[in-house]
Amino acid sequence: MQFAGSHILSISQFERADVEQLFTVADAMRPYAHRERITRVLNGAILGSMFFEPSTRTRISFGSAFNLLGGEVRETTGFEHSAIAKGESLYDTARVLSGYSDIIVMRHPDDGSVSEFAAASRVPVINGGDGANEHPSQALLDLYTIRSELAGRQRALDGLRIAMVGDLRFGRTVHSLSKLLSLFQGLRISLVSPEALSMPEAVVETLREAGHEVLETDVLETGIADVDIVYSTRIQEERFASPEEADLYRGRFRLNQSVYTANCEPNTVIMHPLPRDSREGARELDIDLNDNPNLAIFRQSDNGVLVRMALFVLILDVADQVDQHSVPVNWYTERRF
Ligand code: NCD
């Protein structure tokens, strides 16, 4: 694909070479994300950030990534604060907002809404999550994390063994991640969910067509044995007809230290797109795993900044100018990464 000027709406746009190019640029963003140097390569550029669903990581890391490149961020969050609450269409909103921004990131509760918005936008649009459909930048940062966690374990992306656990029906991150994994070879993917929340058939088909072995189970213990990565997810309660329906599944699969020790290989990496649901009745990823060195969830969220910086510089076509516009930082930056 050509990054310059493109919308990022779905992982289906990516080929393996694109992913490799993106990751090379993400690696080069490390000194900036780690505050060793600052760059002003996007000086004067404006990111329009529009989040019509709750978001912490995605919204702030996209904003931080843009700021770290020297750009400014204008935001609107929630329908109640936007003219959409007055009946404005996505088309009109896109025409207007794209006049105020150089690039837009958008999250919206409806499947396909970000593509509809992008079709009317005059500037590139990145999908920050559209309903239960896709979350491409999350899948990219997830794969970037998998790659860096495996590097220390003498394992490669080809031949990866991964378990995805939880709400695979409504979880957009696992939909996008599965599409991304289908670009690699010889994977064994175990899908652990209650039957009612199983991975959509079309996504399973994509994995099988790519030649991967796909196992579906509703038993956590079997699903997480013999894997390199356990990728846990939250029950997506906001997509259910009622909170009572979500209650049927919340807390069904709980990974804690004793379940991990009893079933996982000693080096299995634990991931989660976050937020994990830490309320009593849920706890899909228990806090007693916090001291487990294989818990990669905060390395994963840190990586979001690198990958989102890489997306911005590639889409705005300044990847080769980042270092030119850089200087060392002059404030106290001690921080543990
Ligand atoms: C995810 C999302 O919004 O899809 N969060 C995120 O962006 N990291 C996962 C979730 O909400 O469960």
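Just follow the structure's listing: the first ligand is 1, and inside any ligand the first atom is 1. The model shown is predicted, which means the values in this text are computed figures rather than measured ones. Residues: numbered from 1 along the sequence shown. Side-chain atoms are counted along with the backbone in the values below, which use heavy atoms only and exclude waters and symmetry mates.
Legend: side chain to side chain donor-acceptor pair (under 3.5 Å) pairs involving residues 98-111, not counting sequence neighbours, sorted by first then second residue: T58-R107, S98-R122, R107-H135, H108-S113.
Note on R59 versus E75: salt bridge recorded, some NZ/NE/NH1/NH2 to OD/OE distance being below 4.0 Å.
At least one side-chain heavy atom of L274 sits under 4.5 Å from a side-chain heavy atom of F298.
Side-chain contact of N292 with Q257: a donor-acceptor pair under 3.5 Å is present, judged by distance alone. Side chains of Y249 and D167: no donor on one and acceptor on the other come within 3.5 Å.
For R308 and F62, the positive end sits near the middle of the six-membered ring, less than 6.0 Å away and at most 45° from its axis.
When heavy-atom distances to ligand 1 are checked against 4.0 Å, the residues falling inside are T58, R107, H135, Q138, R172, T173, R234, Q236, P273, L274, P275, ordered by chain and number.
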